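For ligands, and for the atoms within them, numbers begin at 1 and follow the listed sequence. If you're wondering where the values come from, they're calculated on a predicted model, not measured in any experiment.
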Amino acid sequence: MQHQGQKKKILGEGVNEGRREEGLKDAMGLIFVISAPSGTGKTTLLKKVMERLPNLRFSISYTTRPPRANEEEGKDYYFVSPAQFEEMVQSGAFLEWAEVVGNRYGTAKAPLERLAQEGYDILLDLDVQGARKVKEKVERSVLIFILPPSYGALRERLVTRGLDSPEVIRSRLANAMGELKEASRYDYVIVNESLEEAVETLRSIIVAERCRSKKEALLRNYCGKWEEDYGKNYGRRLPETGGEPL
Ligand code: ADP
Ligand code: 5GP
């Protein structure tokens, strides 16, 4: 694991190995960061939640990892060479990036800013380092950690998924322990035992966080309209009250 910097509280700024990185410009939407040990069911969950909620978009990361057989360029990831990735790091294109088991992964800023301006909330699928970084840089971020029901269940899911060699599965299981230790930093933890229940819990969290984030604007508009109505109607005589002014 490669740690990228120290804590900085100011929205939109961070430190990456002594070099300044800018955060998101005018980010208005919410950013939901989802992490889980590989094989937990995160991809399955995210697809289902996106089908059930409007105005939610998935952020496609850049990676130096080669594509797997079932992956598509521009849908699962943007697959780039180490040199291209480094160029993006140097030009400050990333909101965050991290090295995960020998490959580099990064979240580009520009598409996030565009989506936020178009009114979307964004789902980020990040490892624990990336999640920590986004939390430091973006105030409107919500961190959600997905847990497998148990060690045995995770091992079984990795085997059943049939994508990885035994060696890769071993390294994923070894890696999971360190990731679990980071879960307490997250705002929410969900156990993906029943897929349906986990999808509903994740959906509810997103709905509740949206509701919370809109509280100030809602009350401002609501109270403004209330005052206007009160002012216009004060002292009005209604036939229903026998002409008494209200
Ligand atoms: P991740 O994206 O976290 O690596 P995947 O979405 O690829 O994980 O899921 C890993 C495997 O577990 C897949 O075969 C998927 O169908 C299965 N899976 C996902 N959620 C559940 C669940 N709640 N119960 C049983 N199997 C599940
Ligand atoms: P995989 O190679 O299995 O697709 O992903 C490996 C890990 O990289 C997962 O934990 C995934 O969440 C994480 N990851 C994917 N994209 C990004 C990214 O842009 N930034 C960070 N920090 N992690 C990412």
Side-chain angles (χ1 to χ4, degrees), residues 1-5 14 16 21 31-50 58-73 75-80 85 88-89 93-112 122-138 141 143-150 152-165 168-169 171-176 178-180 182-183 186 190-202:
M1 266 187 21
Q2 181 172 330
H3 292 278
Q4 284 185 38
N16 188 352
E21 269 184 13
I31 295 204
F32 295 95
V33 180
I34 321 286
S35 304
S38 179
T40 299
K42 186 173 47 175
T43 312
T44 313
L45 255 166
L46 293 186
K47 276 194 186 134
K48 289 198 174 284
V49 163
M50 298 219 338
F58 181 69
S59 156
I60 301 160
S61 295
Y62 285 76
T63 183
T64 58
R65 165 169 83 58
R68 296 185 187 123
N70 61 340
E71 287 179 331
E72 273 178 52
E73 163 73 17
K75 187 162 169 273
D76 300 285
Y77 283 106
Y78 295 110
F79 297 96
V80 293
F85 195 98
M88 291 182 76
V89 171
F94 290 127
L95 173 66
E96 67 74 38
W97 64 268
E99 193 173 312
V100 187
V101 256
N103 291 301
R104 292 166 103 188
Y105 297 81
T107 309
K109 275 188 282 196
L112 294 198
I122 300 160
L123 282 175
L124 296 183
D125 170 349
L126 303 185
D127 85 315
V128 292
Q129 304 168 79
R132 195 191 287 204
K133 204 124 199 259
V134 170
K135 187 74 179 174
E136 288 167 359
K137 290 178 157 194
V138 184
S141 58
L143 268 51
I144 305 166
F145 198 94
I146 316 291
L147 291 168
S150 64
L154 179 63
R155 191 181 47 192
E156 192 185 319
R157 283 181 195 174
L158 283 166
V159 172
T160 314
R161 184 170 67 173
L163 283 180
D164 303 315
S165 66
V168 171
I169 292 181
S171 83
R172 292 200 188 286
L173 289 170
N175 211 34
E179 292 170 314
L180 293 182
E182 293 282 320
Y186 284 62
I190 303 174
V191 179
N192 178 22
E193 181 150 27
S194 144
L195 181 60
E196 182 51 33
E197 266 180 43
V199 172
E200 263 315 293
T201 306
L202 181 54

Subject >> atom 20 (N) of ligand 1: the protein heavy-atom neighbour that sits closest, reported with distance to 0.1 Å >> reply: N192 ND2, 3.1 Å
Original post:
Taking only residues two or more places apart in sequence or in another chain, which ones pass ring-ring contact (aromatic ring centres under 6.0 Å, His included) with Y77?
Top reply: F79, Y105
Subject >> Side-chain donor or acceptor of N192 paired with backbone N/O of I146 under 3.5 Å >> reply: no
Original post:
When you check the gap from the basic side-chain N to the acidic O, do E96 and K137 get nearer than 4.0 Å?
Top reply: no
Original post:
Can you find a pair of side-chain heavy atoms, one from L180 and one from P37, that are under 4.5 Å apart?
Top reply: yes
Subject >> Option among Y62, F94, Y78 that satisfies the ring pair (Phe, Tyr, Trp, His ring centres under 6.0 Å) test with F85 >> reply: F94
Original post:
Which ligand 1 atoms does S38 reach within 4.0 Å, using its non-hydrogen atoms?
Top reply: 4 (O)
Subject >> Close side-chain approach of L95 and V138, heavy atoms under 4.5 Å >> reply: yes
Original post:
Got the closest protein heavy atom to atom 9 (O) of ligand 1, with its distance?
Top reply: G41 CA, 3.5 Å
Subject >> Heteroatom distance test (Q129, ligand 2): nitrogen or oxygen, under 3.5 angstrom >> reply: no
Original post:
Nearest to atom 16 (O) of ligand 1, what protein heavy atom do you find, and at what distance?
Top reply: T44 OG1, 4.2 Å
Original post:
Are any side-chain N or O atoms of T64 and backbone N or O atoms of R104, one a donor and one an acceptor, separated by less than 3.5 Å?
Top reply: yes
Original post:
What do you reckon, does R65 have a nitrogen or oxygen under 3.5 Å from a nitrogen or oxygen of ligand 2?
Top reply: yes
**OP:** Could you tell me the residue and atom name of the protein heavy atom closest to atom 2 (O) of ligand 1, and the distance to it rounded to 0.1 Å?
**Re:** T43 OG1, 2.3 Å
**OP:** Heavy-atom contacts with L126 under 4.0 Å: which atoms of ligand 2 show up? List them by number with element.
**Re:** 12 (O), 17 (C), 18 (C), 19 (O), 20 (N), 21 (C), 23 (N), 24 (C)
Original post:
Of E71, K42, E96, which has the heavy atom at the shortest distance from atom 21 (C) of ligand 2?
Top reply: E96
Subject >> Nitrogen or oxygen of D125 less than 3.5 angstrom from that of ligand 2 >> reply: yes
Subject >> Sub-4.0 Å atoms of ligand 1 with respect to non-hydrogen atoms of E193 >> reply: 22 (C), 23 (N), 24 (N)
**OP:** Would you mind listing which atoms of ligand 2 come within a distance below 4.0 Å of any non-hydrogen atom of A98?
**Re:** 22 (N)
Original post:
Distance-only, no hydrogens or angles: does the R157 side chain make a donor-acceptor pair with backbone N or O of G39 under 3.5 Å?
Top reply: no
Subject >> Any N or O of K42 closer than 3.5 Å to N or O of ligand 1 >> reply: yes
Original post:
What heavy-atom pair brings P149 and V191 nearest, and what distance separates the two atoms?
Top reply: CA-CG1, 3.8 Å
Subject >> Any residue meeting salt bridge (Lys or Arg N to Asp or Glu O under 4.0 Å) with E71, in chain and number order, not counting sequence neighbours >> reply: R65, R68
Subject >> S35 touching ligand 2 at heavy-atom level, < 4.0 angstrom >> reply: no
Subject >> atom 10 (C) of ligand 1: nearest protein contact (heavy atom, Å) >> reply: G39 O, 3.5 Å
**OP:** Please indicate whether any nitrogen or oxygen in Y105 is less than 3.5 Å from any nitrogen or oxygen in ligand 2.
**Re:** yes
**OP:** Report the part of K133 (side chain from C-beta onward, or backbone N, CA, C, O) that has a heavy atom under 4.0 Å from ligand 2; answer both or neither where that applies.
**Re:** neither
**OP:** Can you sort out which atoms of ligand 2 are near G106, meaning under 4.0 Å from one of its heavy atoms?
**Re:** 18 (C), 19 (O)
Original post:
How far is atom 26 (N) of ligand 1 from its nearest protein heavy atom, and which residue and atom name does that atom have?
Top reply: R157 NE, 3.5 Å
Original post:
Does CD in E197 sit with more than 12 non-hydrogen atoms of other residues, nucleotides or ligands closer than 6.0 Å?
Top reply: no
**OP:** Would you check whether V100 has a nitrogen or oxygen atom less than 3.5 angstrom from a nitrogen or oxygen atom of ligand 2?
**Re:** no
Subject >> Close approach, A36 and ligand 1, non-hydrogen under 4.0 angstrom >> reply: no
**OP:** Tell me which protein heavy atom sits closest to atom 7 (O) of ligand 1, plus the residue, atom name and distance to 0.1 Å.
**Re:** R161 NH1, 3.1 Å
**OP:** Check each atom of ligand 1 against the heavy atoms of L195 and keep those under 4.0 Å away; list them by number with element.
**Re:** 20 (N), 23 (N)
Original post:
With a cut-off of 4.0 Å, which atoms of ligand 2 are near a heavy atom of G130?
Top reply: 22 (N)
Original post:
So is there a nitrogen or oxygen of R68 less than 3.5 Å from a nitrogen or oxygen in ligand 2?
Top reply: yes
**OP:** Please confirm whether the backbone N or O of S171 pairs with a side-chain atom of N175, one donor and one acceptor, at under 3.5 Å?
**Re:** no
Original post:
R161 versus S38: any side-chain heavy-atom pair under 4.5 Å?
Top reply: yes
Original post:
Below 4.0 Å from any atom of ligand 2, is there a heavy atom belonging to Y77?
Top reply: yes
Original post:
Is Q129 reaching over with its side chain to a backbone N or O of E99, donor-acceptor style, under 3.5 angstrom?
Top reply: yes
Subject >> CG on L173 to CG on D164, rounded to 0.5 Å >> reply: 10.0 Å
